[in-house]
Amino acid sequence: MDIEQKQEEIIDHFVNQASNFKGSSLAAVIGEATSHPSLFAFSEILSVPNVIELQGTEHSIYLDLLRMFAHGTWSEYKRNASDLPPLTPDQVLKLKQLTVLTLAEANKVLPYDVLMQELDVINVRELEDFLINECMYVGIVRGKLDQFRRCFQVQFAAGRDLRPGQLGSMIQTLSNWLSTSDNLLITIQDKIKWADTTSELDKKHKKEAEERMEEVKKTLSLKADIDFRGHEEMFPEPGGVMDYDEDRSRPKRRRHPLG
């Protein structure tokens with residue numbers, strides 16, 4: 001089962017749970033969702049009416065916690081820890097995994113120093129173990145660990161929930177991409193048309209060259225035939241020409257005087 005299908009099933013489970021509980025029971029559902037090892041998207045849970053109704057109640061900090069897991073990072077949590085529930089080890093791990101996804105959204109090459117600072121990791125060995133065991137093995141990112149350049153080269157990263165107001169920016173980005181793709185398609189079509197035209201011209205020139213070659217061959221053949229016939233007219237038969245030496249060697253007949 002791929003990660004997208006697995007996510008969908010887990011999300012459906014927690015959406016149903018959140019729809020059926022309120023108050024402290026709903027807070028427990030949020031705690032369970034943010035601790036689940038295979039759940040990395042929370043916008044559907046955030047949109048459940050019962051969850052939205054936590055705003056302004058004694059349990060509103062759990063709504064804020066859910067928002068932190070949907071959009072925030074480990075460093076953001078630390079800055080606001082006094083206003084949020086304390087995290088369990090599973091939640092800390094989850095928020096650090098989500099932090100890697102956030103960093104991968106902006107850059108495809110993540111320096112080790114930046115990752116170590118954002119994740120509170122003290123050495124390279126611990127960082128690489130985290131990236132391999134808790135990120136790549138889980139399937140949320142793929143990439144290459146470059147120990148020589150001390151960076152993580154991101155090849156794939158799962159997407160996070162959109163922040164409020166981010167949808168408009170994404171729509172604009174997609175619109176720009178679509179416009180660029182349309183222009184690229186037009187350019188490709190023009191090049192294909194040019195290539196087809198060039199190919200037809202090449203075929204036409206090749207045919208014309210072959211026709212001229214045939215004409216030259218015919219002309220040369222006709223000339224050779226005419227030259228050969230002219231030679232035959234000058235020397236019609238081998239026996240019809242008397243050799244000069246032969247004529248000179250014959251005895252001349254004496255003419256007798258008339259009596």
Side-chain angles (χ1 to χ4, degrees), residues 1-14 30-46 62 64-164 166-167 169-170 173-174 177:
M1 181 184 299
D2 58 30
I3 187 171
E4 289 81 5
Q5 184 179 352
K6 190 174 183 179
Q7 285 273 302
E8 185 177 350
E9 293 181 359
I10 297 171
I11 290 171
D12 288 343
H13 166 74
F14 283 110
I30 293 175
E32 184 182 350
T34 53
S35 303
H36 196 285
S38 299
L39 182 60
F40 298 93
F42 305 91
S43 59
E44 288 87 347
I45 304 173
L46 274 170
Y62 291 95
D64 295 335
L65 180 67
L66 187 60
R67 287 170 176 162
M68 179 63 67
F69 275 79
H71 312 123
T73 63
W74 172 240
S75 61
E76 289 177 28
Y77 172 82
K78 289 190 298 179
R79 289 195 298 268
N80 298 277
S82 60
D83 299 322
L84 294 168
L87 300 184
T88 65
D90 288 339
Q91 287 174 318
V92 172
L93 171 61
K94 171 64 63 64
L95 198 51
K96 288 185 177 182
Q97 291 171 317
L98 293 169
T99 298
V100 173
L101 295 184
T102 295
L103 294 173
E105 287 179 352
N107 299 284
K108 297 307 178 186
V109 177
L110 305 179
Y112 278 2
D113 291 340
V114 172
L115 288 168
M116 291 169 64
Q117 180 179 356
E118 289 292 325
L119 301 175
D120 277 343
V121 175
I122 60 176
N123 57 60
V124 171
R125 175 63 182 273
E126 184 180 351
L127 173 64
E128 292 183 338
D129 286 346
F130 177 82
L131 292 174
I132 293 171
N133 299 325
E134 308 299 345
C135 296
M136 287 192 280
Y137 183 77
V138 174
I140 58 175
V141 296
R142 290 196 300 270
K144 178 182 177 182
L145 301 173
D146 191 333
Q147 295 179 335
F148 178 75
R149 297 179 180 176
R150 290 175 56 88
C151 66
F152 177 54
Q153 299 177 6
V154 181
Q155 298 171 344
F156 161 82
R160 292 197 65 180
D161 296 305
L162 295 179
R163 292 175 178 266
Q166 193 176 1
L167 181 59
S169 175
M170 177 169 286
T173 300
L174 291 174
W177 175 83

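Note that the coordinates shown come from a computational prediction; the quantities given were computed from them, not determined experimentally.
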**Message:** Once rounded to the nearest 0.5 Å, what's the spacing between atom NZ of Lys108 and atom SG of Cys151?
**Reply:** 14.0 Å
**Request:** Taking atom types as modelled, find out whether Tyr112 and Gln147 have a side-chain donor-acceptor pair closer than 3.5 angstrom.
**Result:** no
**Complete:** Residues Ile45 and Ala33: closest non-hydrogen pair is CD1-CB, 4.1 Å
**Message:** Working to the nearest 0.5 angstrom, can you tell me the gap between Thr73 OG1 and Leu98 CG?
**Reply:** 9.5 Å
**Asked** Counting N and O atoms only, with roles assigned by atom type, does the side chain of Glu128 sit under 3.5 Å from a partner on the main chain of Leu145, one being a donor and the other an acceptor?
**Response** no
**Item:** Pairwise side-chain contact, Val124 with Met116, heavy-atom cut-off 4.5 Å (strictly under)
**Value:** yes
**Message:** Given 3.5 Å as the limit, does a donor-acceptor pair link the side chain of Gln91 with the main chain of Thr88, or not?
**Reply:** yes
**Asked** Looking only at heavy atoms, what is the nearest atom pair of Leu101 and Ala158, with distance?
**Response** CD2-O, 3.7 Å
**Asked** Yes or no on side chain to side chain contact (heavy atoms under 4.5 Å, CB included) for Leu127 and Leu131, after CA distance, side-chain angles and deciding distance?
**Response** CA-CA 6 Å; Leu127 173 64; Leu131 292 174; 4.1 Å; yes
**Expected output: side-chain Arg67 to main-chain Leu46 donor-acceptor under 3.5 Å** = no
**Message:** I need the Glu134 CD to Ile140 CD1 distance, nearest 0.5 Å.
**Reply:** 9.0 Å
**Message:** Does either side chain, that of Thr99 or that of Glu118, offer a donor lying less than 3.5 Å from an acceptor on the other one?
**Reply:** no
**Item:** Student check: side-chain heavy atoms of Ile132 and Tyr137 closer than 4.5 Å
**Value:** no
**Request:** Ignoring hydrogens and angles, tell me if any N or O in the side chain of Gln7 forms a donor-acceptor pair with the backbone of Phe40 under 3.5 Å.
**Result:** yes
**Request:** Using modelled atom types only, decide if a donor and an acceptor are shared between the side chain of Asp146 and the backbone of Phe152 within a distance under 3.5 Å.
**Result:** no
**Contact check, side chains of Ile122 and Glu126, non-hydrogen atoms, under 4.5 Å** = yes
**Request:** Kindly give the heavy-atom pair with the smallest separation between Tyr62 and Pro85, and that separation in Å.
**Result:** CE2-CG, 3.9 Å
**Within-4.5 Å side-chain heavy-atom neighbours: Val121 and Leu115** = no
**Request:** Kindly check if the number of other-residue, nucleotide or ligand heavy atoms within 6.0 Å of CD (Gln117) is above 12?
**Result:** no
**Complete:** dist Thr34:OG1 -> His36:NE2 (nearest 0.5 Å) comes out at 11.5 Å
**Message:** Looking at Asn107 and Val109, would you say the former's side chain and the latter's main chain have a donor-acceptor pair under 3.5 Å?
**Reply:** no
**Asked** Is a side-chain N or O of Arg160 found less than 3.5 angstrom from the main chain of Gly72, in a donor-acceptor match?
**Response** yes
**Asked** Does some side-chain heavy atom of Arg142 sit less than 4.5 Å from a side-chain heavy atom of Met136?
**Response** no
**Note, Phe42 side chain near Ile11 side chain (heavy atom, < 4.5 Å)** = no
**Message:** Using 0.5 Å steps for rounding, measure from the CG atom of Leu95 to the OH atom of Tyr77.
**Reply:** 8.5 Å
**Asked** How many angstroms lie between CH2 in Trp74 and CG in Leu87, if you round to the nearest 0.5 Å?
**Response** 6.0 Å
**Asked** Please, which pairs that meet salt bridge (Lys or Arg N to Asp or Glu O under 4.0 Å) have at least one residue in residues 78-100, sequence neighbours excluded?
**Response** Lys78-Asp120
**Asked** What's the shortest heavy-atom distance between Ala104 and Ala157, and which atoms?
**Response** CB-CB, 3.7 Å
**Message:** Within the structure provided, determine whether Gln97 and Phe130 are in side-chain contact (heavy-atom separation under 4.5 Å).
**Reply:** yes
